[in-house]
Asks: 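Have a look at this one before I ask anything.
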Amino acid sequence: MNWALAWQWRVGTLQRINLFPIKSCASLDSTPGREYDCDVLGMSINGIRDRTLMLLDENNTMVTARGYPHMKLIKPWQVSDNGIIISAPEMPELELDFKNLESPGQDLRTSIWGAPVDAKLCGDRFNKWFSQFILEKNTGLKLVHYPYPKPVKIICDDLKNMPFMRQEDSGTFNDGTSYMLMNLSSVDDLNTRIMNPVEPLQFRGGFEIKCDEHEPYAEDNWQWVRIGDEAVFRQVAPRTLCIVPNVNDNTGKRDVEGEPLKTLKSYRSFNHSSPLLGIHLGLRQPGKVKANDVVYVGEK
């Protein structure tokens, strides 16, 4: 595709970037002016990459905020290149350096929604810390990291029939793809329909787009997306939602009324079993992005 000719519509700006080092936990703070690298494995900054850490139980099954909503209170803080401090209420801080993980023993085989993938252990001190906070026990969970320099996970069943989806779009420990986009106009429209408004962060999209005009759900029809001067993405699928958006990021508690998914199901399910909000993207040209970058779409 001739990128120079493709961008006919400016739609808005990139208001916020969310990078989640640990699957189902909180994001790094989004600091204006910081540049994030976008490559085939996903988004990263200074050696810290999106969703390359994950928790498994004793059966090597992934553990997420679907079952343990208070996982959203586990907060990573960047302290150096390749280094984060992990904090949680009433827990001592835990330091992790991505370049010096123990990785003892053999790879573990796990899966993400039926898509098999290997993982490496991070070490006993991490296992104990996460077990204590999440399970209130000294054992039971294992922190693992993604060991490969490229995506190896097969496409999950929900996305196999999407015509523009590629295997390399599957990312690290992501549910579907490495990149997800939220249109803030869509979240604003949803909030007019529910009693207690929700924050966009609850939907865990990597890119939050502020449109120049109020156009809820316009992203449904965005085929190509360019953020800034370099990074180019292809929409590969609409984004179906699980129950994690029902969990408040500040309290770690699930909404007792089942919101916002209950309302979304009433008007955004279409032919899907789960409601839709946001879109999955596949990277087609690597680049750097930062907050306030202009967002363009092609073949709107």
Side-chain angles (χ1 to χ4, degrees), residues 16-28 30 36-45 47-56 60-67 71-72 74 76 98 107-120 122 143-162 164-182 200-208 219 225 227 231 233-245 247 274 276-284 286 289:
R16 181 183 169 102
I17 300 168
N18 301 313
L19 189 152
F20 303 92
I22 310 168
K23 187 177 179 69
S24 259
C25 298
S27 67
L28 286 176
S30 179
Y36 294 75
D37 291 302
C38 296
D39 62 27
V40 69
L41 259 185
M43 191 161 45
S44 67
I45 182 168
I48 301 168
R49 188 176 292 280
D50 188 61
R51 293 175 173 92
T52 49
L53 297 168
M54 179 172 66
L55 288 153
L56 304 180
N60 293 340
T61 300
M62 69 175 181
V63 172
T64 72
R66 296 169 183 84
M71 285 179 64
K72 280 194 171 186
I74 299 172
F98 281 86
D107 291 355
L108 300 177
R109 174 55 60 99
T110 183
S111 65
I112 311 281
W113 302 116
V117 64
D118 287 343
K120 281 188 176 292
C122 293
L143 184 70
V144 297
H145 68 97
Y146 185 85
Y148 300 108
K150 61 181 182 179
V152 299
K153 181 163 55 74
I154 64 172
I155 301 171
C156 64
D157 288 343
D158 287 349
L159 300 178
K160 278 183 178 178
N161 295 323
M162 296 295 171
F164 301 109
M165 181 78 183
R166 299 176 181 175
Q167 185 276 323
E168 59 265 29
D169 296 333
S170 62
T172 52
F173 293 140
N174 311 76
D175 279 358
T177 64
S178 301
Y179 296 96
M180 291 168 285
L181 179 151
M182 303 296 306
L201 188 60
Q202 288 184 214
F203 298 98
R204 304 182 72 78
F207 300 139
E208 295 181 6
E219 68 275 20
V225 179
I227 300 176
F233 305 86
R234 179 68 163 93
Q235 182 185 162
V236 296
R239 189 178 178 208
T240 56
L241 300 177
C242 64
I243 62 171
V244 171
V247 179
S274 301
L276 309 180
L277 193 66
I279 54 176
H280 283 291
L281 300 174
L283 185 73
R284 296 297 178 262
V289 300

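On a predicted model such as this, the values are computed, not experimentally measured, just so you know.
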Asks: Among Arg234, Arg284, Lys150, which residue satisfies the salt bridge (Lys or Arg N to Asp or Glu O under 4.0 Å) criterion with Asp169?
Replies: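 With Asp169 as partner, salt bridge (Lys or Arg N to Asp or Glu O under 4.0 Å) holds for just one option, Arg284.
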Asks: Please give me the minimum heavy-atom distance between Leu241 and Ser274, naming the atom from each residue.
Replies: O-CB, 3.3 Å
Asks: Nearest 0.5 Å, what's the CD-CE distance between Gln167 and Met165?
Replies: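 It comes to 8.5 Å.
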Asks: What closest approach, in Å, do Arg109 and Asp118 show between heavy atoms, and which atom pair accounts for it?
Replies: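 Minimum heavy-atom contact is NE-OD1, 2.6 Å.
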Asks: Looking at Gln202 and Pro245, what are the two nearest heavy atoms and their distance?
Replies: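 Minimum heavy-atom separation between Gln202 and Pro245: NE2-O, 2.6 Å.
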Asks: Hey, does Pro21 have a side-chain heavy atom less than 4.5 Å from the side chain of His145?
Replies: no
Asks: Just by distance, do the side chain of Ser24 and the backbone of Ala65 share a donor-acceptor pair under 3.5 Å?
Replies: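 Pair found, side chain donor or acceptor close to backbone of Ala65.
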Asks: Decide yes or no for Lys23 and Thr172: does some side-chain heavy atom of the first lie under 4.5 Å from some side-chain heavy atom of the second?
Replies: no
Asks: So Leu56 and Met62, do their side chains get closer than 4.5 Å, heavy atoms only?
Replies: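 Touching, per the 4.5 Å side-chain cut-off.
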Asks: Taking all atoms of both residues into account, what is the closest heavy-atom pair of Ser170 and Ser178, and its distance?
Replies: C-OG, 4.2 Å
Asks: If you look at every heavy atom in Phe20 and Gly205, which pair is closest and at what distance?
Replies: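 So the minimum-distance heavy-atom pair works out to CE1-O, 4.3 Å.
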Asks: Please give me the minimum heavy-atom distance between Glu208 and Leu201, naming the atom from each residue.
Replies: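 Here Glu208 and Leu201 meet closest at OE2-N, 3.7 Å.
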Asks: Can you confirm whether Tyr36 sits close enough to Ile48 that some side-chain heavy atom of one is under 4.5 Å from a side-chain heavy atom of the other?
Replies: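 They are not in contact (no side-chain heavy atoms under 4.5 Å apart), so the answer is no.
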Asks: Taking the side chain as every heavy atom from C-beta outward, state whether Tyr179 and Met43 have any pair of such atoms under 4.5 Å apart.
Replies: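 Counting from C-beta outward, Tyr179 and Met43 do come under 4.5 Å.
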Asks: Are the side chain of Asp39 and the backbone of Leu41 linked by a donor-acceptor contact shorter than 3.5 Å?
Replies: yes
Asks: Would you say Val236 and Met162 make side-chain contact, with heavy atoms under 4.5 Å?
Replies: no
Asks: Under 30°, 30 to 60°, or over 60°: which ring-plane class applies to Phe233 and Phe207, parallel, tilted or perpendicular?
Replies: perpendicular
Asks: Going by heavy atoms in the side chains, are Leu28 and Ile45 under 4.5 Å from each other?
Replies: yes
Asks: Rounded to the nearest 0.5 Å, what's the gap from OG1 on Thr61 to CD1 on Ile112? Could you check?
Replies: 10.5 Å
Asks: For the SG atom of Cys25 and the CG atom of Leu53, what is their distance to the nearest 0.5 Å?
Replies: 9.0 Å
Asks: Are the side chains of Met182 and Pro200 in touch, meaning some heavy atoms are under 4.5 Å apart?
Replies: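 No, their side chains stay 4.5 Å or more apart.
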Asks: List for me each residue that meets side chain to side chain donor-acceptor pair (under 3.5 Å) alongside Thr177, sequence neighbours excluded, and say none if there are none.
Replies: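 Applying side chain to side chain donor-acceptor pair (under 3.5 Å) to Thr177 gives His280.
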Asks: Would you please test Asp175 and Arg204 for salt bridge (Lys or Arg N to Asp or Glu O under 4.0 Å) and show each step?
Replies: CA-CA 11 Å; Asp175 279 358; Arg204 304 182 72 78; over 6 Å; no
Asks: What distance separates Phe173 CZ from Ile22 CD1, expressed to the nearest 0.5 Å?
Replies: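 Interatomic distance, Phe173 CZ to Ile22 CD1, rounded to 0.5 Å: 12.0 Å.
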Asks: Rounded to the nearest 0.5 Å, what's the gap from CG on Leu19 to OG on Ser44? Could you check?
Replies: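 These two atoms lie 7.5 Å from each other.
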Asks: Have Asp50 and Thr52 got a donor and an acceptor in their side chains that come within less than 3.5 Å?
Replies: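 There is no such pair between these side chains.
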